[in-house]
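Take a look at the structure below.
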Amino acid sequence: MKKKEAGKTISVVIWIFLLALAAYIVLKGLSLDKGTLETIMLNVQQQAIETYLPGLTRSDGEEISPSSWLLEKTKQQIPGLNMNNNREETQEDKETSQKIVEENQEFLEAKLVEENQEAGPDSSGLEITGGTENEEDGQEETQSASTAQERVPVTDISLEQFQNFDFVLRNFYTVDSTTSITSEQLNAPALVQMDLRMKTGNDQPQILIYHTHSQEEFIDSVSGDASTTIVGVGNYLAQILKEDYGYNVIHVTDTFDIVDGKLDRNQAYNYAQERISQVLAENPSIEVIIDLHRDGVADDQRLVTDLNGKQTAKVMFFNGLSRTRQNGEISYLPNPYIQDNLAFSLQMMLACEKYYPDFARTIYLRGYRYNLHLRPKTLLVECGAQTNTVEEEMNAMEPLADVLNKVLTGT
């Protein structure tokens, strides 16, 4: 009888607890979700079974009274009664909200950079391709240049080695922090075997040279004398290609980075695209486009090597991938010729390594487009930097013209 009376008592207690719980839920506007309510019911049922044993115990063996047990379980199952937990959750919510705001701000800033004329130089007018993002990027670029001698000689590379994506990336590329590339996007075996030979005869224009940043100068450039700027270097490259190799070359010397009499490169790539597109429409036979620049580096850095006894500025081939790491493909900067561009720069790089070791720095990959979409065989070449002399720049045009001819003739 005592067991029956005890059972009835327990049933009454449980029902009172359930009614109280139901009332609490109603008062709270049904704030508990279904899963939480089912958990409470299961716990109550489990505890009711345990009360048939002579005494209630915790896991540590300490005895507790039925009233204490009900109070403890109620606190565990009803978050509103545990004020400390509430305060902790509120703090976490604030931190989460702050993090979301910061991430959105970073996204908006990145979007503004994308829409700012496909990226341009810094306020000093220097290109500084290796250090536009942060100091670490600049350190990576300097390190890449200093370890160039450790790269595997191109004459020792087999086609099978080009199957190793990490090997190719390590030996021939520097990837800017704004972008990324995969083995699918950079299929080196296919790139090195792509046929880039010139198909147009020299009775028609074949090669176009221009300068998005025509005002780029060197350490001993003469103010007001265009022949001592990157334009003068382009003139010499055009002369070599015409006289020594027989190509039909057009050299556009228009200015795209002077606005209202002042240096302004914010729209330089847009202005250049408009003018070069016009030239291409008038000369559809043009197969090769070269946008010739000079890089920008720290004042104590010089990009120079000795070739055949001549102090020669080093060159760097530059590819825009129309894709950023954060936002992926840039739909408003389409380039159907990315693979052709990559093949052109890689084959130029390999020819440099084979015939003029230490002449070329690693190919630089960055987001955005840089007008490389105008023709399949388009090159953006960074020749030396502001710390080079005009003579070193001119000396670089001879090996550059030679490797260009080797790629375009397949020799």
Side-chain angles (χ1 to χ4, degrees), residues 109-134 137-138 141 176-179 208-219 221-235 251-279 289-299 301 303 313 315-322 324 330 332-333 335 364-374 378-388 390 393:
E109 289 175 352
K111 195 66 178 174
L112 286 174
V113 170
E114 287 180 15
E115 294 174 354
N116 186 21
Q117 295 81 45
E118 308 173 16
D122 68 359
S123 57
S124 68
L126 302 183
E127 195 79 19
I128 313 184
T129 52
T132 53
E133 295 302 314
N134 51 45
D137 291 337
E141 176 65 11
D176 190 88
S177 62
T178 61
T179 193
L208 169 65
I209 300 171
Y210 75 103
H211 314 273
T212 299
H213 299 155
S214 64
Q215 303 306 300
E216 289 174 334
E217 298 180 333
F218 309 100
I219 194 169
S221 292
V222 178
S223 179
D225 184 357
S227 68
T228 64
T229 67
I230 194 66
V231 174
V233 178
N235 273 331
H251 184 204
V252 175
T253 60
D254 295 40
T255 298
F256 307 113
D257 52 353
I258 293 291
V259 179
D260 296 330
K262 297 180 180 179
L263 182 67
D264 184 349
R265 291 174 175 159
N266 288 333
Q267 296 286 342
Y269 280 96
N270 293 340
Y271 296 149
Q273 178 181 343
E274 182 178 354
R275 174 66 177 127
I276 299 306
S277 295
Q278 178 185 356
V279 175
I289 301 175
I290 300 174
D291 184 7
L292 186 62
H293 294 246
R294 64 105 169 109
D295 204 351
V297 297
D299 290 338
Q301 184 179 3
L303 304 174
V315 298
M316 180 178 71
F317 305 114
F318 189 107
N319 283 101
L321 302 179
S322 293
T324 62
I330 306 178
Y332 58 86
L333 296 176
N335 181 359
Y364 204 89
L365 302 179
R366 201 167 193 265
Y368 314 104
R369 187 173 63 183
Y370 303 99
N371 289 334
L372 296 174
H373 66 298
L374 297 177
T378 302
L379 282 177
L380 194 160
V381 184
E382 300 274 5
C383 184
Q386 86 281 2
T387 54
N388 286 98
V390 174
E393 293 286 322

- Task: Measure across Val231 and His251 and return the closest heavy-atom pair with its distance rounded to 0.1 Å.
- Result: O-CE1, 3.4 Å
- Aromatic plane relationship, Tyr269 with His293 - under 30° parallel, 30 to 60° tilted, over 60° perpendicular: parallel
- Task: Mind running side chain to side chain contact (heavy atoms under 4.5 Å, CB included) on Asp254 and Tyr210 for me, showing each step along the way?
- Result: CA-CA 8 Å; Asp254 295 40; Tyr210 75 103; over 6 Å; no
- Decide yes or no for Thr255 and Gln215: does some side-chain heavy atom of the first lie under 4.5 Å from some side-chain heavy atom of the second? yes
- Message: I'd like to check the side-chain hydrogen bond (donor to acceptor under 3.5 Å, both in side chains) partners of Asn388; sequence neighbours left out, ordered by chain and number.
- Response: Glu392
- In terms of heavy-atom contacts, Glu393 and Ala385 come closest through OE2-N, 3.7 Å
- Task: Quick one: pull up CG in Asn371 and CD1 in Ile289 and give me the separation to the nearest 0.5 Å.
- Result: 8.5 Å
- Message: Please tell me whether Tyr364 and Asp176 have a donor and an acceptor in their side chains that are separated by less than 3.5 angstrom.
- Response: yes
- Answer yes or no: is there a side-chain heavy-atom contact under 4.5 Å between Thr228 and Phe218? no
- Message: So does Gly367 get a backbone contact from the side chain of Thr324, meaning a donor-acceptor N/O pair under 3.5 Å?
- Response: no
- Message: What's the separation between atom OG1 in Thr178 and atom CG in Leu321, rounded to the nearest 0.5 Å?
- Response: 8.5 Å
- Residues which pass side-chain hydrogen bond (donor to acceptor under 3.5 Å, both in side chains) with Thr179, listed by chain and number, not counting sequence neighbours: none
- Task: Sequence neighbours left out, what passes side chain to side chain contact (heavy atoms under 4.5 Å, CB included) with Tyr271? Give chain and number order.
- Result: Phe256, Val259, Gln267
- Message: Test of understanding: with side chain to side chain contact (heavy atoms under 4.5 Å, CB included), list the residues that count as partners of Ser227, not counting sequence neighbours.
- Response: Asp225
- Once you round to the nearest 0.5 Å, how far does CD1 of Ile209 lie from CG of Asp291? 11.0 Å
- Query: Just how far is it from atom CD of Glu216 to atom OG1 of Thr229, taken to the nearest 0.5 Å?
  - Reply: 9.0 Å
- For Asn319, what residues pass the side-chain hydrogen bond (donor to acceptor under 3.5 Å, both in side chains) criterion, not counting sequence neighbours? Ser345
- If we only count heavy atoms from C-beta on, is the Gln386 to Val297 side-chain gap below 4.5 Å? yes
- Using a cut-off of 6.0 Å, state whether more than 12 heavy atoms not belonging to Gln278 lie near its atom CD. yes
- Identify the two heavy atoms, one from Ala313 and one from Cys383, that lie closest to each other, and give their separation to 0.1 Å. CB-SG, 4.2 Å
- Listed by chain and number, what are the side-chain hydrogen bond (donor to acceptor under 3.5 Å, both in side chains) partners of Thr378, not counting sequence neighbours? none
- Between Asp295 and Glu382, what is the shortest heavy-atom contact and its length? N-OE1, 3.1 Å
- Task: Could you grab the distance from atom CG of Asn270 to atom CZ of Arg265, nearest 0.5 Å is fine?
- Result: 15.0 Å
- Specify the closest pair of heavy atoms between Ile276 and Leu208, including all atoms of both residues, with the distance to one decimal. CG2-CD2, 3.5 Å
- Query: Taking atom types as modelled and ignoring hydrogens, do the side chains of Asp257 and Ser214 form a donor-acceptor contact shorter than 3.5 angstrom?
  - Reply: yes
- Heavy atoms only: give me the nearest Arg294-Ile230 pair and the separation to one decimal. N-CD1, 4.0 Å
- From Leu333 atom CG to Tyr370 atom OH, the distance as rounded to the nearest 0.5 Å: 10.0 Å
